[in-house]
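In what follows, a single structure is set out as structure tokens and then discussed.
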Amino acid sequence: QVQLVESGGGLVQAGGSLRLSCAASGNIFDFNGLGWYRQAPGKQRESVAVFGGGGNIIYADSVKDRFAISRDNARKVLYLQMNSLKPEDTAVYYCHANIRPRISRSWSNYWGQGTQVSVSS
């Protein structure tokens, strides 16, 4: 069974940093669409940082120059380094991937369970 598990969230003061991790487990044949999303209370889920086609990275304007997405394909881990955090960054952060398991060879969207990031002023 393929699953994504986030970690690294927590409470931090404005200006601080956090590093989120998303570890994939299971027998994965192929994947794409790696990215981080977040959902603040009362708001819709939004894209934060996503790997686009050809390795291009698309950042939300609100996090450009502060957040950095990276990945380790060999270890099947996706990261989000968050610096200069602001109170408005407070949200539940989710990792996402389109994954094609070896056993099914069928593409599906996978989401992590979410990790809470809270930034105090």
Side-chain angles (χ1 to χ4, degrees):
Q1 181 178 357
V2 174
Q3 60 180 326
L4 306 178
V5 179
E6 300 104 331
S7 62
L11 177 63
V12 65
Q13 289 186 323
S17 298
L18 287 172
R19 183 178 177 88
L20 306 184
S21 299
C22 174
S25 63
N27 200 351
I28 297 171
F29 180 77
D30 201 4
F31 63 90
N32 60 27
L34 300 175
W36 288 95
Y37 299 76
R38 68 186 181 187
Q39 187 166 20
K43 296 184 178 180
Q44 296 184 16
R45 187 172 299 186
E46 65 175 343
S47 174
V48 176
V50 177
F51 282 102
N56 293 329
I57 300 173
I58 303 172
Y59 291 100
D61 288 342
S62 60
V63 307
K64 286 182 178 178
D65 302 318
R66 298 191 298 119
F67 291 10
I69 188 172
S70 61
R71 66 189 186 188
D72 185 333
N73 286 355
R75 299 174 63 184
K76 296 188 292 184
V77 180
L78 181 70
Y79 301 99
L80 183 67
Q81 179 66 47
M82 304 185 295
N83 299 321
S84 301
L85 284 161
K86 304 175 180 179
E88 49 263 46
D89 295 319
T90 296
V92 177
Y93 284 70
Y94 301 88
C95 64
H96 170 269
N98 296 319
I99 296 176
R100 194 181 187 185
R102 290 187 183 275
I103 193 169
S104 69
R105 304 291 183 93
S106 178
W107 288 101
S108 296
N109 287 301
Y110 287 82
W111 293 90
Q113 83 285 356
T115 185
Q116 177 71 49
V117 172
S118 298
V119 184
S120 62
S121 61

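By convention here, the first residue in the shown sequence is residue 1. This structure is a prediction, so every number in the text was calculated from the model and none was measured.
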Any donor and acceptor pair, going by atom type alone, linking the side chain of E6 with main-chain N or O of S21 inside 3.5 Å?
no
For residues I103 and N27, determine if any side-chain heavy atom of one lies less than 4.5 Å from a side-chain heavy atom of the other.
no
Closest heavy-atom pair and its distance - G9, L20:
N-CD2, 3.6 Å
When clusters are formed by joining ILVMFWY residues with side-chain heavy atoms under 4.5 Å apart, either directly or through shared neighbours, do V2 and V5 land in the same one?
no
Would V12 and L80 show up in the same hydrophobic cluster when neighbours are defined by side-chain heavy atoms closer than 4.5 Å?
yes
Would you check if the side chain of K76 reaches a backbone N or O of G26 as a donor-acceptor pair within less than 3.5 Å?
yes
Would you say that Q81 contacts F67 through its side chain, given a criterion of any heavy-atom pair below 4.5 Å between the two side chains?
no
The single option from I69, D65, V48 passing side chain to side chain contact (heavy atoms under 4.5 Å, CB included) against Y59
I69
Which heavy atom in A24 sits nearest to a heavy atom in L4, and how many Å separate them?
CB-CD2, 3.6 Å
So, R66 side chain and S62 main chain: donor-acceptor pair closer than 3.5 Å or not?
yes
Grouping ILVMFWY residues whenever side-chain heavy atoms fall under 4.5 Å, the cluster of Y94 otherwise contains Y37, V50, V92, W111
So if you build clusters from Ile, Leu, Val, Met, Phe, Trp, Tyr with side-chain heavy-atom gaps below 4.5 Å, do I57 and V63 land together?
yes
Determine the minimum heavy-atom distance between P87 and A14, stating which atoms define it.
CD-CB, 4.1 Å
Calculate, to the nearest 0.5 Å, the distance between atoms OG and CG belonging to S120 and L11 respectively.
5.5 Å
List the steps and the verdict of side chain to side chain contact (heavy atoms under 4.5 Å, CB included) for L18 and V117.
CA-CA 8 Å; L18 287 172; V117 172; 3.8 Å; yes
If the threshold is 4.0 Å, N to carboxylate O, is there a salt bridge linking R102 and D30?
no
Check S17 against S84 and note the closest heavy-atom contact, atom names and distance.
OG-N, 4.2 Å
When you measure from the side chain of H96 to the backbone N and O of W36, does any donor-acceptor pair fall under 3.5 Å?
no
I want to check something: taking the side chain as every heavy atom from C-beta on, are R45 and R38 in contact at a cut-off of under 4.5 Å?
no
Walk me through whether M82 and Y93 qualify under side chain to side chain contact (heavy atoms under 4.5 Å, CB included).
CA-CA 11 Å; M82 304 185 295; Y93 284 70; 3.8 Å; yes
Under the salt bridge (charged side-chain N to carboxylate O under 4.0 Å, His left out) rule, what do D61 and K64 come out as? Steps first, then yes or no, please.
CA-CA 5 Å; D61 288 342; K64 286 182 178 178; 3.1 Å; yes
Shortest non-hydrogen contact between A60 and S47, atoms and distance
CB-O, 3.5 Å
Cation-pi check for F31 against R100: NZ or CZ below 6.0 Å from the six-membered ring centre and within 45 degrees of the axis, yes or no?
no
Using the rule given for side chain to side chain contact (heavy atoms under 4.5 Å, CB included), can you reason through I58 versus F51, listing the C-alpha separation, both sets of side-chain angles and the distance that settles it, and then say yes or no?
CA-CA 6 Å; I58 303 172; F51 282 102; over 6 Å; no
Does either side chain, that of E88 or that of T90, offer a donor lying less than 3.5 Å from an acceptor on the other one?
no
How long is the straight-line distance from CG of L34 back to CG of L78, given to the nearest 0.5 Å?
5.5 Å
Between CD on residue E46 and CD on residue Q44, distance to nearest 0.5 Å
10.0 Å
